[in-house]
Structure formats: C-alpha cells, structure tokens
Amino acid sequence: MEKYTKENPLRVFTTFSGYDSQCLALKKAGIPFDLIGWSEIEKRAITAHDLIFPEYKDRNYGDICKIDWANVPDFDLFTYSSPCQSFSISGLQQGGEEGSGTKSSLLWECKKAIEIKKPKYLMLENVKNLVSERFIDTFNNWLNYLETQGYTNYWKVLCGLDYGIPQDRHRVFCVSILNPDGEFHFPNGRKLTTSVEDFMQTKDEIGEEIWNKIVDPPENYENYIKDNEQFKKFAVEQK
C-alpha cells in the first residue's frame, strides 16, 4: 500500500458499513484516512456509527442501490462486506447470484461503484460458507468479474483465534488491487494470549444506568442513546 499521511490520507468508502469496523481497523493500524462516504440503512447501525464517528455523520449515502456514483468524490479503498444471510449456514442458504433478489445478491450492486470510480484497493469480508462447494461458483464469478476490470485478487479464510482474538470465527477476506506492482500477502498470525473475559466490562466500569439499559433496553432505546450524554461518553471511550 502506498504511503499515506495526514496531508494525503487514504480516501475510503465503505458499504454495508455497520458501525465501520473497517475504519476502526485503519485507525488502530495507524493509517491516516478520510472516510469519503459510507452506505448504511439499518437504523441501529447508523446510530452506532454516528456515536463512534460523529465527524462523518453527514456522509452516509444510504441505500447502495440508489447511490449516483458519478457524484461521489474519488476514493482509494472500497470495502464491501455485503449481507451474509443468504450464504450463512445459519440462514436459508438461498445464495447470492446476480439478479436473484436475495440479500446477499446486493454484492453485485458494487459493480457500479467499481466501474465508475475504479478505486485502487477493494476489500470483501464474508462468511466462510461463501467459498464452500455450494457457493464457490458465485464467488468465482465475482472474482472473474473483478479480473475483467483489471484487478488482481488475493483471498483467504482467516480465523480470529489465529490473530490474537479469543473468538472462533472464520471469515473469508478478499483483497483486490488494481494493476498491482507487487504481491499482496495476508499477515502472519500471532499467539492467542487473551480470553473473552479480558474484553468484558463489569457493571461498575460501565455504570449502573447504562448497564441496565443494555441488559434490558427500553422501547425508545435509540432516543436514549442519542440523547444520553453518559452513553456518548462511554461510546467515545470505546474508540
């Protein structure tokens, strides 16, 4: 990856953004970035995103199907962790072929952004079952499409346990680079030295009021976390 600075940050656009773990990862890695835009429609995810990244609150382009990419500023990195429900073994496994109308077929909406903006880097993350015998053809069709656009693809199934995270979660990651001038290699793993308990907070650490709202959230939970200054402070501390 090129050298990015505060004066010349990595320009990022995330889709299916959630609370934007991608941007949190960039921040933890110390890579200066500017979130040019993000795309999310789920209300609770938007609320979480706004609490974690209030500076980008006004850059949500909403429904990916309705974005006019010609009017979006250029960006270097495009992330697209599209819905996994139709691939996951926990779902109906209806697949995600283009035009099928499933949630996971929203993957193909990303073609518009890729063809119009031609970002240097692309990153996909999805459930391991995407590369299973049942769905590997869909995955290969996507990779073949990216190759027609000039991208070289590098993909691998990674597990959190192998990277110091106490969670046995396998996910497929695919990094695609437009006309790369070298090889991309996924990082080596590292020894697990923590447990889930190391990441858990106690009632005393969080505060009784917030604890009670998390354990037994009220019907107006969204308004509560929007208006409650103590919760905002808690959210900022978690960044």
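Here, residue 1 is the first one in the sequence, and each next residue gets the next number.
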- Message: Using modelled atom types and a 3.5 Å cut-off, is there a donor and acceptor pairing between side-chain atoms of Thr47 and backbone atoms of Lys43?
- Response: yes
- Query: In terms of hydrophobic clustering (I, L, V, M, F, W, Y; side-chain heavy atoms under 4.5 Å; direct or indirect links), are Val131 and Phe135 co-clustered?
  - Reply: yes
- Message: Let me check something: do Tyr19 and Ile41 share a hydrophobic cluster, defined by ILVMFWY side-chain heavy atoms less than 4.5 Å apart, either directly or through other members?
- Response: no
- Taking Thr102 for the side chain and Ser105 for the main chain, is one N or O donor matched with an acceptor at less than 3.5 Å? yes
- Message: Count I, L, V, M, F, W, Y as connected when their side-chain heavy atoms are under 4.5 Å apart, and connections chain through other members. Are Ile31 and Met123 then in the same cluster?
- Response: yes
- Task: Give the intermediate values and the outcome of side chain to side chain contact (heavy atoms under 4.5 Å, CB included) for residues Lys27 and Phe33.
- Result: CA-CA 8 Å; Lys27 188 173 182 179; Phe33 72 92; 4.2 Å; yes
- Hey, are Thr138 and Asn141 close enough side-chain-wise for a donor-acceptor pair under 3.5 Å? no
- Query: Would a distance-only check, ignoring hydrogens and angles, find a side-chain to backbone donor-acceptor pair under 3.5 Å from Ser86 to Gly96?
  - Reply: no
- Message: Side chains of Arg11 and Leu77, heavy atoms from C-beta outward: is any pair under 4.5 Å?
- Response: no
- Query: Under 4.5 Å between any side-chain heavy atoms of Pro119 and Leu178, yes or no?
  - Reply: no
- When rounded to the nearest 0.5 angstrom, what is the spacing between CZ in Phe78 and CG in Leu122? 7.5 Å
- Tell me, do Lys128 and Arg171 make a side-chain contact under 4.5 Å, heavy atoms counted? no
- Message: Side chains of Trp69 and Ile64, heavy atoms from C-beta outward: is any pair under 4.5 Å?
- Response: yes
- Task: Evaluate the ring planes of Tyr154 and Phe184, with Trp represented by its six-membered ring, and classify them as parallel (under 30°), tilted (30 to 60°) or perpendicular (over 60°).
- Result: tilted
- Task: Determine, step by step, whether Val12 and Leu26 satisfy the side chain to side chain contact (heavy atoms under 4.5 Å, CB included) criterion, reporting the C-alpha distance in whole Å, the side-chain angles of both residues, the deciding distance to 0.1 Å, and the verdict.
- Result: CA-CA 10 Å; Val12 181; Leu26 288 170; 3.9 Å; yes
- Task: Evaluate the side-chain proximity of Gln94 to Gln85: yes if any heavy-atom separation is below 4.5 Å, no if none is.
- Result: no
- Test item: Ser39 side-chain N/O and Thr15 main-chain N/O as donor-acceptor pair under 3.5 Å: no
- Would you confirm whether Glu40, through its side chain, and Glu42, through its main-chain N or O, come within 3.5 Å as a donor-acceptor pair? yes
- Message: Checking the side chain of Lys117 only, and the main-chain atoms of Ala70 only, is there a donor and an acceptor separated by less than 3.5 Å?
- Response: no
- Query: Taking atom OH of Tyr56 and atom OG1 of Thr14, what is their separation to the nearest 0.5 Å?
  - Reply: 10.5 Å
- Return yes if a side-chain donor-acceptor contact under 3.5 Å exists between Asp68 and Asn71, otherwise no. yes
- Is the shortest side-chain N to carboxylate O distance from Glu109 to Lys112 below 4.0 Å? yes
Enumerate donor-acceptor pairs with a distance under 3.5 Å from any side-chain N or O in residues 155-165 to protein atoms, sequence neighbours excluded.
unit_1 : atom_1 : unit_2 : atom_2 : d
Tyr163 : OH     : Pro187 : O      : 2.8

- Geometric cation-pi criterion Lys111 and Tyr145, 6.0 Å radius, 45° cone: yes
- Taking Arg134 for its side chain and Gly95 for its backbone only, find out whether a donor-acceptor pair lies under 3.5 Å. no
- Message: Using the rule that Ile, Leu, Val, Met, Phe, Trp and Tyr join whenever any side-chain heavy atoms are under 4.5 Å apart, tell me whether Ile67 and Ile46 fall into a single cluster.
- Response: no
- Note on the structure: Nearest heavy-atom approach of Asp168 to His170 is OD1-CE1, 3.2 Å
- Thinking salt bridges, do Asp76 and Lys120 make one under a 4.0 Å N-O criterion? no
- Note on the structure: Output for pair (Ser17 OG, Asp20 CG), nearest 0.5 Å, gives 4.5 Å
- Mind telling me whether Phe13 and Tyr61 have parallel, tilted or perpendicular rings, with 30° and 60° as the class edges? tilted
- Pairwise distance OG(Ser176) to CG(Leu143) - rounded to 0.5 angstrom: 7.0 Å
- Query: Between Cys65 and Leu106, is any pair of side-chain heavy atoms under 4.5 Å apart?
  - Reply: yes
- Message: Below 30° counts as parallel, above 60° as perpendicular, anything between as tilted: where do the rings of His49 and Phe53 land?
- Response: tilted
- Query: So, do Ile177 and Val175 sit near enough that their side-chain heavy atoms are less than 4.5 Å apart?
  - Reply: yes
- Item | Shortest non-hydrogen contact from Cys84 toward Val127 | CB-CG1, 3.7 Å
- Should we say atom CG of Asn188 is surrounded by more than 12 heavy atoms from elsewhere, each under 6.0 Å from it? no
- Only one of Trp142, Phe16, Trp108, Phe173 passes ring-ring contact (aromatic ring centres under 6.0 Å, His included) with Tyr80, and that residue is Trp142
- Task: Could you tell me whether a side-chain N or O of Thr5 sits under 3.5 Å from a main-chain N or O of Asn8, the two making a donor and an acceptor?
- Result: yes
- Message: For the OG1 atom of Thr79 and the OH atom of Tyr121, what is their distance to the nearest 0.5 Å?
- Response: 15.0 Å
- Message: To the closest 0.5 Å, what do you measure between CD (Glu125) and OG (Ser21)?
- Response: 7.0 Å
- Item | Main-chain N/O of Ser82 paired to Asn126 side chain as donor or acceptor, under 3.5 Å | yes
- Message: Same cluster or not: Leu146 versus Ile136, using hydrophobic residues (I, L, V, M, F, W, Y) connected whenever any side-chain heavy atoms lie under 4.5 Å apart?
- Response: yes
- Given salt bridge (Lys or Arg N to Asp or Glu O under 4.0 Å), test Asp34 with Arg59 step by step and report yes or no. CA-CA 11 Å; Asp34 183 20; Arg59 297 187 185 182; 2.8 Å; yes
